[in-house]
Protein chains: 2
Amino acid sequence: MSVTIKEIADICGVSHGTVDRALNNRPGISDKTKEKILKIAAELNYYPDFRARSLAKGTTKTIGLVLFDLYNRSFSQLTNAVETESRSKDYLVNLLLTDKCIHSEKEAIENLISRKVDGIILFPINQGEAFESYLTNLNIPIVTICNKLSDKWSFVGIDDRSAMKDAVTYVAGKGYERVVYICPPLAYRHQSNIYTQLERFEGLLAGMQQCGYTEEPVVITEKDYLRALSRIDLKASKTAILCSCDLYALETMNFLKDRNYRIPEDVGLMGFDNIDVLKYISPKLTTVHYNVEEMGFRAVDALVRQLETQTPSSTPLVEYKIIQGESL
Amino acid sequence: MSVTIKEIADICGVSHGTVDRALNNRPGISDKTKEKILKIAAELNYYPDFRARSLAKGTTKTIGLVLFDLYNRSFSQLTNAVETESRSKDYLVNLLLTDKCIHSEKEAIENLISRKVDGIILFPINQGEAFESYLTNLNIPIVTICNKLSDKWSFVGIDDRSAMKDAVTYVAGKGYERVVYICPPLAYRHQSNIYTQLERFEGLLAGMQQCGYTEEPVVITEKDYLRALSRIDLKASKTAILCSCDLYALETMNFLKDRNYRIPEDVGLMGFDNIDVLKYISPKLTTVHYNVEEMGFRAVDALVRQLETQTPSSTPLVEYKIIQGESL
DNA sequence: GTGAAAGCGCTAACAA
DNA sequence: TTGTTAGCGCTTTCAC
């Protein structure tokens, strides 16, 4: 079907070793034969077979990227960045989504192992010692993003705890008396990796304490969080709704608009992530920004550095900052 | 480094051919040895080497996906769908972005050729006879999406022309006297493939003619379209701004809000694509909807069918419909 | 039921 | 400067 070095060798009347020398400009070949071989190769539209090459060389120049999905804008921005940076470093991205299923994640990883990718960028959903030793036994460079596993793997992310602490401090500074916090179910903490969410939650509690709040936050972790929200008398005291991600905040904003709450006059609202579509939303959502593209770049950088130096490379946490909007 | 069938063979005291029989439950092996081999393989954490297998079998179970970027929500929804569907069919996705650069696109394709993917899903940016014969010579199954190339390749998309025609007919039905149309530069039509945009534009013209508009639409194709828009007296006559994609419409909505135009009282606005973030936008944008996930599914289906049957398979166009919002 | 060997397309070490 | 060979890890055919 496709052209091989053997065919080129036959046509040129040389050995396939010589063709290899020409094609990869290795030394030990005369300009004349080299020229001839390259000419024929071009004519025949020759493309080297990466599989064979990688089998012989032991590297695939491929990075596996394992994510939940591309539904949240952050993830697609991240994927875009990872692909771009990988390509600029001559790596190809194998994309695998897990839908937050711990089994899919393992399948994804095993698939990548079979395909002998050079390294994996993983937003982990599994966790625990068993999973960690599972990963260790895989014996492949892994960079974790967003959800930290342990110090055994380089981690690219932000300081979620301190970011959420700053966020609630910001809320307090605006004079809000009560905080409603919306986030995914934290009860699953033992089943799946929700490191990021736990950190944010801890930051919330720490921040509130430090700001002198005497009451606990109203924490909504139900799947149908809007229904839960509807059972709260939002005007009872000056209330801010703090969401653990912008997507929740946007849904909540729709909810509040539907019920004719004025934002921020009747109730304050704050998100987290600063996803790119926020620029089209009014009122402008107050949120926590971090550069998710930068995270993608750093993840690739850290991974490739690790591939080249054989030693895990640490990366600093990515900066974050509070974006003042009109919703608080 | 990693375990091979040879090692398993050595440990079990059999030949590697026998190990292969056990691992792939091929006939011609006793239950006893098979059991033993499987046990050892599991203990050693054996994962077959896909490269070697694919070299021997001739198929990689891999699909290349070539897109502009994941910036537009449609593309990430599409990518999500393509990955999900591919995975369910036991294919892996190699993602390559081109940033709308015709050279990157060729590089991406050649990379995929080298890696011997079984087929490619391509949102083409190149076009023309030269490109077509280039693709033909590649001798690999390709499914085109969104931008059509020619009937030589199966195409997954919508009837853009008729959709935009319906859109402008809808606008006309609302009594708008003047139509401003915002779209990307159409002048590049000979440099790069903007099939989709051209179709939409043709549909616009056809629709306006049929609706009895005597004046041509005001067409804005400049990169800085908002500046161009600011030079138009939008209140001079009852004006609708029709955008060739939602992203333009959202930017335009921000622009109009900034200038205190009321939508739709002062000026109407309509988009195209119905990207998923629209549900958070107010006023609700009137737009053209089509199921982009469905496009992803069909693209994979068409490609895999083609891989299995060796014959290009045609797919019907994806349905579209106008979504009535509050912006017109 | 099992082993041996060739071959997939390439790289790399060794001969000539 | 060039050819030969072994080997990467698997599949597959053929012989026993």
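Throughout, a chain's letter reflects where its sequence line sits, starting with A, and its residues are numbered from 1. Below, each value reflects all heavy atoms present in this structure, side chains not excepted, and no hydrogens, waters or symmetry copies.
Computed from coordinates, the B/I29 CD1 to D/dT12 P distance equals 15 Å when rounded to whole Å. For the pair B/I8 CD1 and D/dC10 C1', the interatomic distance rounds to 12 Å; values are reported in whole Å. Straight-line distance from the CD1 atom of B/I5 to the P atom of D/dG7: 16 Å, rounded to whole Å. Residue B/D10 contributes atom CG, which lies 13 Å from atom P of D/dC10 at whole-angstrom precision. Note: CD (B/E7) to P (D/dC10) measures 9 Å, nearest angstrom. Taking atom CZ on B/R21 and atom P on C/dT2, their separation rounds to 8 Å, with Å as the unit. Distance NZ (A/K6) to P (D/dG3): 14 Å, rounded to an integer number of Å. In this structure, A/N25 places its CG atom 14 Å from P of D/dT1, rounding to the nearest Å.
Mapping A/A56 and B/V14 onto DNA chain C by nearest heavy atom places B/V14 at the nucleotide closer to the 5' end. Nearest-nucleotide positions on DNA chain C for B/S30 and B/K57 put B/S30 closer to the 5' end.
Listed by first and then second residue, the salt bridge (charged side-chain N to carboxylate O under 4.0 Å, His left out) pairs that reach into residues 55-66 of chain A come to none, sequence neighbours excluded.
In terms of phosphate contacts, A/R26 brings a side-chain nitrogen or oxygen within less than 4.0 Å of OP1 or OP2 of C/dA12. Look at A/T33 and you'll find a side-chain N or O under 4.0 angstrom from OP1 or OP2 of D/dT2. Within the structure, a side-chain polar atom (N or O) of A/S15 is placed less than 4.0 Å from OP1 or OP2 of D/dG3.
Looking at B/H16, its side chain has no donor and acceptor atom pair within 3.5 Å of the base of C/dT2.
Within a 6.0 Å sphere centred on NZ of B/K89, heavy atoms belonging to other residues, nucleotides or ligands number more than 12. In this structure, A/E35 places its CD atom where only 12 or fewer heavy-atom neighbours from other residues, nucleotides or ligands lie under 6.0 Å away.
Interface residues of residues 35-54 of chain B facing DNA chain C, ordered by number: none; criterion, heavy-atom separation under 4.0 Å.
Here OH of B/Y46 is found 5.0 Å from CG of B/L23. Values are rounded to the nearest 0.5 Å.
A/E132 is listed as a side-chain neighbour of A/K152, based on a closest heavy-atom distance under 4.5 Å.
The aromatic rings of B/Y195 and B/F155 lie perpendicular to each other, with more than 60° between the two planes, well past the 30° mark.
Geometrically, B/K116 does not engage A/F50 in a cation-pi contact defined by less than 6.0 Å to the ring centre and at most 45° from the axis.
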